[in-house]
Amino acid sequence: MLSSLLLRSSLRSSSSASASRRAFSSVVSRPTASSTYGKVQEFGGRNSDAGLTVCVFGASGFLGKYLCSDLGQVGVKGYMPNRGDELEMRHLKPMFDLGRSWLPFYSPRDKDSIRNVIADADVVVNLVGKYYETKTLRNTESFPYVSYEVNYGFEEAHVTIPKMIAECCTELGTKALIQMSSVAASPDSDSKWAKTKWEGEQAVRAAFKDPVIVRSNQMFGPEDRLLNWFAVQGGALPFIPLIDSGSGVGGDALTKPVYMGDVSDAIFRIIMKHENYAGCTFEIEGDQDFNYRELAEFVYDITGQKPTILPVPKDIMLLGAKGAGMMPSPILNEDQIHLWSNDYVGSGGLDETGGEILTLSNLDLTPTKIEKVAFSYLHRFRAGGHFIMNEGYHIHASNEKVR
């Protein structure tokens, strides 16, 4: 009896821990194998030598590990600098052949350390960015002897660090620099996040000749902050607030979400043929536009959650976001309100240098439909999981609430 109870307790603990980590998995998943097969056919596969060394800043992030997986499959040598311990990046090692990955420590505030990790890289990719300004406690000499201050802000993450990376690339003679940005980047945006993204683009252009600028729309995927936000808050908040721009419905602004695998594939293709895209600007986004109410309804149709969706005036949303933004990991911040209250779509046409803005089609890529992959990582929010929805499997969800 005792052993049975211990076993069940162990299984529950294991299941709970797995569920809590699943949204932040280090596993790289793709909807199909066709993308990988195409890369191998065109550029070579495992144990081949692409003759290319790529340094990826921000390799441990949402997008970074997918890009590293793509690069490792075709024999690229990868440098993945990190601010912490090498073990925090260990999940990237199996993506590369033995001896073809390097995980050096660096400080983004130390130009010499940035120069050392770039070293002899042919291509440098900067994926460093922040969704919100992180804060930390600091000692002070007067009462209360501690203060809560910004550690890395938007200005430093989006402008200062990219500029230093670009300057180092120029000094070292790096062949190509790819700077990650956003289609929301604008000097006129109310969002500090979007404004510093634009300033970062200009700083990189001034410091490095003909960088490639990749502007992405909001990404969806297993660890996204878009669809997962609606699912998580659907089970945490008493209601889901959508920004009301005057229609009385809420969530009217449009966005064109793009699958993070498509963004990774785009950057991969730019790297492998970087000489063809010097100085180009890309806008990477999906081919379907949605407003935020449609996205919320889409998510809750998958998860089976039934939260109340309420339109809330932007001014009130900003007040709530200001308070939430003081938390170490805020569920909402002021920049998110500004971004979600305006259309989040690319501009098309010409970039600031007068060149044509390119898209996925210029790379022979087709956007992945959101409905093709969303279920694979949203069904975990269903009460009892997706098996509970099937007749004859345990107890039907309509008969008993599963906790």
Side-chain angles (χ1 to χ4, degrees), residues 14-36 39 56 58-73 80 88-95 127-132 180 182 214 216-236 255-268 284-286 288 290 292 295-305 329 331 336 344 360 365-387 389:
S14 171
S15 175
S16 175
S18 176
S20 66
R21 292 194 301 265
R22 203 172 300 165
F24 307 99
S25 171
S26 61
V27 176
V28 177
S29 60
R30 297 282 192 176
T32 67
S34 59
S35 176
T36 299
K39 293 183 182 73
V56 182
S60 62
F62 175 37
L63 176 62
K65 68 172 180 284
Y66 289 88
L67 177 60
C68 289
S69 176
D70 288 341
L71 294 172
Q73 291 172 18
M80 286 78 70
E88 297 174 4
M89 310 279 282
R90 64 186 182 277
H91 60 280
L92 300 177
K93 278 192 171 184
M95 299 177 184
L127 304 179
V128 173
K130 302 198 77 66
Y131 292 101
Y132 56 89
M180 189 67 187
S182 167
V214 178
S216 168
N217 207 301
Q218 298 178 87
M219 290 182 280
F220 64 88
E223 298 148 47
D224 68 40
R225 292 174 179 263
L226 182 62
L227 305 186
N228 273 312
W229 186 88
F230 287 108
V232 170
Q233 305 314 324
T255 185
K256 300 178 74 174
V258 60
Y259 178 50
M260 48 80 201
D262 293 339
V263 181
S264 173
D265 287 346
I267 298 174
F268 169 82
I284 311 298
E285 52 188 4
Q288 300 170 284
F290 303 89
Y292 292 98
L295 285 177
E297 292 172 347
F298 170 73
V299 169
Y300 299 136
D301 183 56
I302 293 175
T303 65
Q305 296 166 301
S329 181
I331 62 172
Q336 185 177 345
Y344 200 125
L360 284 174
L365 294 172
T366 303
T368 301
K369 301 292 185 183
I370 194 169
E371 59 269 20
K372 187 174 181 180
V373 296
F375 176 84
S376 67
Y377 65 93
L378 291 178
H379 69 74
R380 73 182 189 278
F381 291 98
R382 288 180 172 179
H386 64 284
F387 292 112
M389 306 299 289

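When reading the values below, keep in mind they use all heavy atoms of this one structure, side chains included, and skip hydrogens, waters and symmetry mates.
In this structure, CG in Asp265 is found 9.5 Å from CE in Met260, a value given to the nearest 0.5 Å. In this structure, OG on Ser182 lies 10.0 Å from CD on Glu285, to the nearest 0.5 angstrom. Atom CG of Asp70 and atom CD1 of Ile267 lie 9.5 Å apart (nearest 0.5 Å). Expressed to the nearest 0.5 Å, how far CD of Gln288 lies from CD of Glu371 amounts to 5.0 Å. Of the inter-residue distances, the one linking Thr255 atom OG1 with Tyr292 atom OH reads 4.0 Å to the nearest 0.5 angstrom. Ser376 OG to Ile302 CD1: the interatomic distance, rounded to the nearest 0.5 Å, is 9.0 Å.
Proximity of Ser329 to Tyr132: side-chain heavy atoms (C-beta onward) are separated by under 4.5 Å at one or more points. In this structure, the side chains of Trp229 and Gln336 come closer than 4.5 Å at one or more pairs of heavy atoms. Inter-residue side-chain proximity for Leu127 and Met180 is flagged as met; some heavy-atom pair is nearer than 4.5 Å. Counting heavy atoms from C-beta on, the side chains of Met95 and Met80 never come closer than 4.5 Å.
When all heavy atoms of Val258 and Ser216 are compared, the pair lying nearest together is CG1-OG, 3.7 Å. Taking both residues in full, the closest heavy atoms of Ala374 and Leu227 are given as CB-CD1, 4.0 Å, listed atom of the first, atom of the second, then distance. Shortest non-hydrogen contact noted between Arg90 and Pro94 is O-CD, 3.4 Å. Considering every non-hydrogen atom in both Gly58 and Val128, the closest pair reads N-CG2, 4.0 Å. The shortest non-hydrogen separation linking Leu226 to Gln218 is CD1-OE1, 3.6 Å. Nearest heavy-atom pair, Leu92 versus Lys65, reported as atom, atom and distance to 0.1 Å: CD2-CB, 3.8 Å.
Under the side-chain contact (heavy atoms from CB on, under 4.5 Å) criterion, Ala231 pairs with Val299, Thr303, Gln305, Leu378, Phe381, sequence neighbours left out. A search for salt bridge (Lys or Arg N to Asp or Glu O under 4.0 Å) contacts involving Lys130 returns nothing, not counting sequence neighbours. By the salt bridge (Lys or Arg N to Asp or Glu O under 4.0 Å) test, Glu88 pairs with no residue at all, sequence neighbours left out.
Residue Phe220 is tested with Phe290, Tyr377, Phe375, Tyr259 for a ring-ring contact (aromatic ring centres under 6.0 Å, His included); the sole match is Tyr259.
Although no hydrogens or angles enter the test, the distance criterion places a donor-acceptor pair under 3.5 Å between the side chain of Asp262 and the main chain of Thr368.
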